[in-house]
Amino acid sequence: MPTIMITGAAGFIGGHVAREAERRGGLSLRLMSHRRPPAGAAAAGPATAGPDPATAGPGSGSGFGHGHGPGAVVPGHRTVRADLSDPGSLRGVCEGVDVLLHCASQIGGTPEANEAVNARGTAALMAEARRAGVSRVVYLSTASVYGRGAFRAARPEDLVRNPGSPTSGSRAHAEDAVLAAGGVVLRPHLVLGDGDRWVVPGLARILRALPGTVEGWAARTSVITAQDLARLLLGAGLAPAGDLTASVYHAAHPVPVTVRTLLGAVAAVAGPAADPVAEDLTAVRARELLAARGIAAQGLDMLTSDHWFDSDPVWRDLRCTPGPDFEAAFKELAEGYRRALLDI
């Protein structure tokens, strides 16, 4: 029975990964959490002091990210309390671990906090993984390491990282540490699902601040559900080495979504205030309106230019079938988002 350690297991993506591992069965889980033990897990080891590393996902530095999830309900599995910003607390956490799925990241906050958790913390974790003989490391990164688009059917090997924020820059450094240790990096773009506190709420705020569409909302974007992303992360951790043809993969549903379709779905669950009128705004005018409402306009760039990343290789290499397309998947998530958006 292989032992898998999941960092950020009490957060949005990490929680989904833990639940997916539990559903799959036949795995021994070790859940590393800084803030709190995932519900139902047996705590092991002392809590450590320091800033909370957010377990948020892609979108850092771009106006969108991911908030804290409900925690993984995985009874009987061991929880390790450790702090990526305190390398001493990581000593021994990888002992007996076969696969490390690194889903914890600092999103936002000071540049120093991002560097401490994402860059130095990941480097220290990789040193522990090497010392313990971990056979596979998979890191949840973000397409934000590329900076601003446009990106059309873009492949990792054809792109140059150009991070535009301390968060995405420090996550690029984390990637370097993982790749130097022989690990695998997954870069999603927008991730939707239970526990999302930033992507759809952020889109709803933008919709409510604008009296219409922006340049027709014609851009295309890559989206994945948290459940599908969890399947890919777990699959990359367990796949035979010979099946992996790359060390960096994009992780998204293979079919991109138009921003018009994405925002139409968000408008349907965000209430009447998000309903657009016929006016079609320029991007310049939209930025002015957002600024007047005190809403950061960075995310508008992602909605007015293509951010479409080729993810066919990861599905092919892992012999994994993508879940439902965006419209079918969002129908399953709609009621949860409707409740979550009541206070927005």
Side-chain angles (χ1 to χ4, degrees), residues 56-67 107-108 143-144 146-152 164-165 167-168 189-193 195-225 252-253 255-309 325-344:
S60 56
S62 60
F64 299 123
H66 297 286
I107 308 299
S144 291
Y146 298 125
R148 295 289 176 260
F151 305 108
R152 301 180 181 93
S165 73
T167 294
S168 53
H189 183 45
L190 299 182
V191 186
L192 308 175
D196 168 25
R197 299 292 180 264
W198 292 92
V199 175
V200 168
L203 293 173
R205 290 187 184 95
I206 288 177
L207 279 172
R208 288 170 173 170
L210 298 177
T213 59
V214 179
E215 298 180 354
W217 294 134
R220 291 172 293 178
T221 193
S222 286
V223 176
I224 190 170
T225 65
H253 193 283
V255 180
V257 179
T258 65
V259 170
R260 178 181 288 275
T261 298
L262 172 62
L263 293 183
V266 173
V269 300
D275 289 343
V277 297
E279 183 180 0
D280 188 42
L281 307 167
T282 66
V284 171
R285 178 57 179 156
R287 289 189 183 90
E288 292 172 349
L289 292 169
L290 291 177
R293 296 284 295 271
I295 298 174
Q298 299 98 309
L300 193 64
D301 293 336
M302 292 201 317
L303 302 178
T304 54
S305 62
D306 287 334
H307 284 71
W308 170 24
F309 302 94
D325 64 15
F326 168 76
E327 291 182 270
F330 200 86
K331 286 180 182 178
E332 295 296 317
L333 301 171
E335 185 55 37
Y337 272 125
R338 190 172 285 110
R339 291 193 300 269
L341 292 172
L342 289 176
D343 296 328
I344 300 299

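- Side chain of Ser222 to backbone of Phe309: a donor-acceptor contact under 3.5 angstrom is found.
- Not counting sequence neighbours, Glu332 has no partner by the salt bridge (Lys or Arg N to Asp or Glu O under 4.0 Å) test.
- Using a 4.5 Å heavy-atom cutoff, the side chains of Leu303 and Leu203 are in contact.
- With sequence neighbours left out, Arg260 forms a salt bridge (Lys or Arg N to Asp or Glu O under 4.0 Å) with no residue at all.
- Taking CD1 from Ile206 and CD1 from Ile295, the interatomic distance works out to 7.0 Å, rounded to the nearest 0.5 Å.
- Contact of the Leu190 side chain with the Leu262 side chain is registered, since non-hydrogen atoms from C-beta on lie closer than 4.5 Å.
- The shortest distance between side-chain heavy atoms of Val200 and Phe330 falls below 4.5 Å.
- Here the shortest heavy-atom pairing between Leu289 and Pro211 reads CD1-CD, 3.5 Å.
- In terms of heavy-atom proximity, Ser144 sits nearest to Ser168 at O-CB, 3.6 Å.
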Salt bridge (Lys or Arg N to Asp or Glu O under 4.0 Å) between Asp301 and Arg287: does it pass, once the steps are laid out?
CA-CA 10 Å; Asp301 293 336; Arg287 289 189 183 90; 2.6 Å; yes
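- What you find for Pro201 and Asp196 is that their closest heavy atoms are CD-OD2, 4.1 Å.
- Here the closest non-hydrogen pair linking Ala150 and Ser305 is CB-CB, 4.2 Å.
- Heavy atoms only, all atoms of each residue included: Val214 and Ala286 are closest at CG2-CB, 3.7 Å.
- The salt bridge (Lys or Arg N to Asp or Glu O under 4.0 Å) check on Arg293 picks up nothing, with sequence neighbours excluded.
- Looking at Asp280, its side chain does come within 3.5 Å of a backbone N or O of Glu215 through a donor-acceptor pair.
- The CZ atom of Phe151 lies 11.0 Å from the CE atom of Met302; values are rounded to the nearest 0.5 Å.
- Counting only heavy atoms from C-beta outward, the side chains of Leu210 and Leu290 approach each other to under 4.5 Å.
- Between Phe326 and Val223, the closest heavy-atom pair is CD1-CG1, 4.3 Å.
- Ring geometry for His189 versus His307: interplanar angle under 30°, hence parallel rather than tilted (30 to 60°).
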